[in-house]
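So the structure is just underneath, and the comments pick up after that.
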Amino acid sequence: MKTWRESFLYIVTLVSSLDTAGIRNNNSDFVENIEFGVGGDSDKVLKLESGNTNRVRDYVWEGMVKTAWLDYITRLNRDKELYGLQIEPLKLSHVLEDELYISQTMLGYQVELWMWNLTLHGLSGLKLEKLSLERNSGLTDIFTYALLDSPQLSLTGMYRMQGSSEGTGALSWVLSDISSEGERPLSINMTGVRIAAELEVGLVNGCGQQGAVVTDLSFPFTYTDIKFEFENIGTVLGTAVDVIGGLVIERERKNLVKLLKDGISSEVKSLICENFNKVEDVREHVDTEVTEGPVSYDKMFNSLLEKEGGSKLIRDRLAENTVRKIFNESIRRHLETSLSPLRTALDPLKLFPLEFQFQNDLYSANVEACNAYVHNVKQAVLEDMYLARDTSLNISLLRVQFKVPVTWMSGYYKLRKAKLFTFIPAGGSGDFNVDLRDVRVALTVVLRNTEAGLIMEHFKVDIGWQTIRFKFDGLWKGFGEIADKVMNQLGVGGLIVEKQKRWIMGEIKTYLRGLAVCMMWSPSLGLDLCMRQFWIDLGWEYPWVYPTCD
């Protein structure tokens with residue numbers, strides 16, 4: 001199974017399956033319906049492709065998608081590689097099978113063709129010519145279209161061809177068998193290459209569900225000229241190559257779509273459905289009188305909604321449903337899978353040490369808490385997802401809330417210079433454990449499209465819980481639970497948690513902002529490397545060093 005990164009690279013390997021007559025015949029409708037000429041109207045192109053003249057450009061999503069495409073193209077042109085894989089030139093064995101094999105009956109021959117050691121040149125010259133993303137009026141579907149240009153692409157490698165006469169073809173009486181006479185080099189050169197990527201996702205009824213599915217996925221492409229150079233091929237074999245080339249193109253085009261659908265299905269199975277009916281294109285406006293649910297208790301988010309239009313805003317049910325599916329079917333599975341990268345990064349979550357002065361009328365101490373971890377993040381559930389858009393689709397107001405039913409914080413504490421009633425020594429040290437129930441984390445993000453581009457106008461993280469219980473080992477030996485209760489009443493444990501809460505909120509906010517930056521503005525760098533650079537830019541040193549308890 002190819003990874004999604006390899007799937008992205010696979011898009012451009014379609015040009016390895018080349019045929020002049022095949023492409024021109026099979027893509028005649030595509031060439032007629034899309035304006036490839038310089039200065040063409042991209043809006044008209046999109047309307048022709050989507051088949052819906054009532055669509056509206058979604059400037060927020062389009063800005064994010066365009067930024068991601070440009071980041072990929074820029075890195076490819078500059079570094080000649082993506083995710084550590086050399087792209088210029090690209091060895092197709094990294095994304096395809098080591099050897100391509102085609103068998104076809106034609107011209108009275110049973111022709112077999114083997115191709116291997118294939119290398120694609122020219123991908124570093126790719127340019128994003130056009131990109132647009134459109135929504136219908138009810139925001140129940142989304143259509144995105146990207147057009148990539150390359151002045152020249154070439155394919156080199158080795159091949160072997162063998163054709164056995166069936167005795168019925170028009171040319172079989174001339175040559176009983178045809179052959180390349182062993183292994184020979186090949187090269188295929190194209191100029192004026194244009195590759196389109198089209199994706200549509202919509203809310204549907206089908207496959208036992210009502211929700212978001214991929215309703216269309218295609219990768220049409222064309223070129224202005226192509227030249228085949230197969231060593232030791234004559235006219236007859238040249239004709240066979242042309243015919244087989246057309247078959248290869250269609251096969252690889254279908255393989256690409258299947259590969260990507262299989263990749264999507266492996267992560268979020270319910271996003272792939274073959275038999276469905278699209279839901280009615282009806283807007284659902286924001287209910288400003290809502291009295292139930294997490295949003296009803298969030299005064300700040302309600303204030304943002306009211307400021308941006310209130311009941312005139314539209315709920316983006318497609319995006320809400322898609323995010324729910326991705327979290328419930330993919331992210332949760334990775335969180336629950338032992339040793340998965342996501343699980344390893346978040347559960348347990350290491351916290352930085354704390355040191356603070358505690359003092360009230362009864363108790364005072366220098367408090368240290370170190371070697372602290374938060375556990376059981378793997379049980380997080382997506383409790384609520386709310387996305388509102390304005391009618392012009394220039395604003396996105398997002399609120400996401402997660403819930404962890406039970407979590408706990410463990411670590412090591414020290415109480416130095418501790419006094420009870422100002423004169424009784426009351427210090428101690430040992431392990432501590434804090435049980436937290438019904439923990440909720442809420443994230444609010446506002447994105448706005450401006451003349452200067454897409455900006456993140458608002459970003460806030462809140463954390464809260466219903467109940468909390470502390471246990472301190474090694475405190476006031478001989479007092480056991482009494483010591484725990486005293487410390488709880490005095491408020492030391494609560495202050496440790498409160499200070500860690502502030503730190504966690506700051507870390508989560510910074511981490512999520514970093515994720516947003518990496519996913520929206522630098523996806524080509526890869527999440528690990530991008531987040532590493534994000535923290536380095538904030539002043540951290542790599543490799544990371546956590547302070548100890550000493």
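Just so it is clear, the model here is predicted, and its values are computed rather than measured.
Salt bridge D435/R437: absent, no basic N to carboxylate O contact under 4.0 Å. The existence of a salt bridge linking E267 and K325 is excluded, since no basic side-chain nitrogen approaches an acidic carboxylate oxygen closer than 4.0 Å.
Annotation: cation-pi pair R135/W61 present, NZ/CZ under 6.0 Å from the ring centroid and within 45° of its normal. Taking the ring centre of Y386 as origin, the terminal cationic atom of R315 falls inside the region bounded by 6.0 Å and 45° from the ring axis.
When all heavy atoms of A380 and R332 are compared, the pair lying nearest together is O-NE, 3.6 Å. Listed here is the closest heavy atom pair of R389 and D316: NH1-OD2, 3.8 Å. Annotation for E289 and D287: closest pair N-OD1, 2.9 Å, computed over non-hydrogen atoms. In this structure, L342 and H334 approach most closely via the heavy-atom pair CD2-CB, 4.1 Å. Contact between L126 and S150 at its shortest, heavy atoms only, is CD2-CB, 3.7 Å. Taking both residues in full, the closest heavy atoms of G310 and V286 are given as O-CB, 3.6 Å, listed atom of the first, atom of the second, then distance.
Using a 30° and 60° split on the angle between ring planes, F402 and F327 fall in the tilted class, from 30° to 60°.
Interatomic distance, S137 OG to R55 CZ, rounded to the nearest 0.5 Å: 10.0 Å. Note that CD of E129 and CG of L147 are 6.0 Å apart. Values are rounded to the nearest 0.5 Å. Considering OG1 of T444 and CE of M300, their distance stands at 4.0 Å, rounded to 0.5 Å. In this structure, the separation between CG on L313 and CG on D390 is 7.0 Å, given to the nearest 0.5 Å. Going from atom CZ of R317 over to atom OG1 of T140 covers 12.5 Å, rounded to the nearest 0.5 Å. Expressed to the nearest 0.5 Å, how far OG1 of T407 lies from CH2 of W465 amounts to 10.0 Å.
The closest side-chain donor-acceptor pair between E383 and Q401 falls under 3.5 angstrom. Side chains of R57 and S132: a donor-acceptor N/O pair is present below 3.5 angstrom, by distance only. Between the side chains of D262 and S266, no donor-acceptor pair is found at a separation under 3.5 Å. S410 and H375 are linked by a side-chain donor-acceptor pair at a separation below 3.5 angstrom, with hydrogens and angles left out of the test. Side-chain contact annotation: K403 with Q379, donor-acceptor N/O pair under 3.5 Å absent. A side-chain donor-acceptor contact under 3.5 Å links E329 and S270.
Other residues, nucleotides and ligands place no more than 12 heavy atoms under 6.0 Å from the NZ atom of K127. Crowding of K66 atom NZ: a count of heavy atoms from other residues, nucleotides or ligands under 6.0 Å not exceeding 12. Enclosure of atom CZ in R333 by more than 12 non-hydrogen atoms of other residues, nucleotides or ligands within 6.0 angstrom is indicated.
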**OP:** Please lay out, stage by stage, how V214 and I264 fare under the test side chain to side chain contact (heavy atoms under 4.5 Å, CB included).
**Re:** CA-CA 9 Å; V214 175; I264 294 171; 4.2 Å; yes
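In this structure, the side chains of L397 and L387 stay at 4.5 Å or more apart for every pair of heavy atoms. Residues T288 and E306 have side chains in contact (heavy-atom distance under 4.5 Å, counting atoms from C-beta outward). Between V295 and R399, some side-chain heavy-atom pair lies under the 4.5 Å cut-off. Contact annotation: the side chain of N302 never approaches that of L304 to less than 4.5 Å [non-hydrogen atoms, C-beta and beyond].
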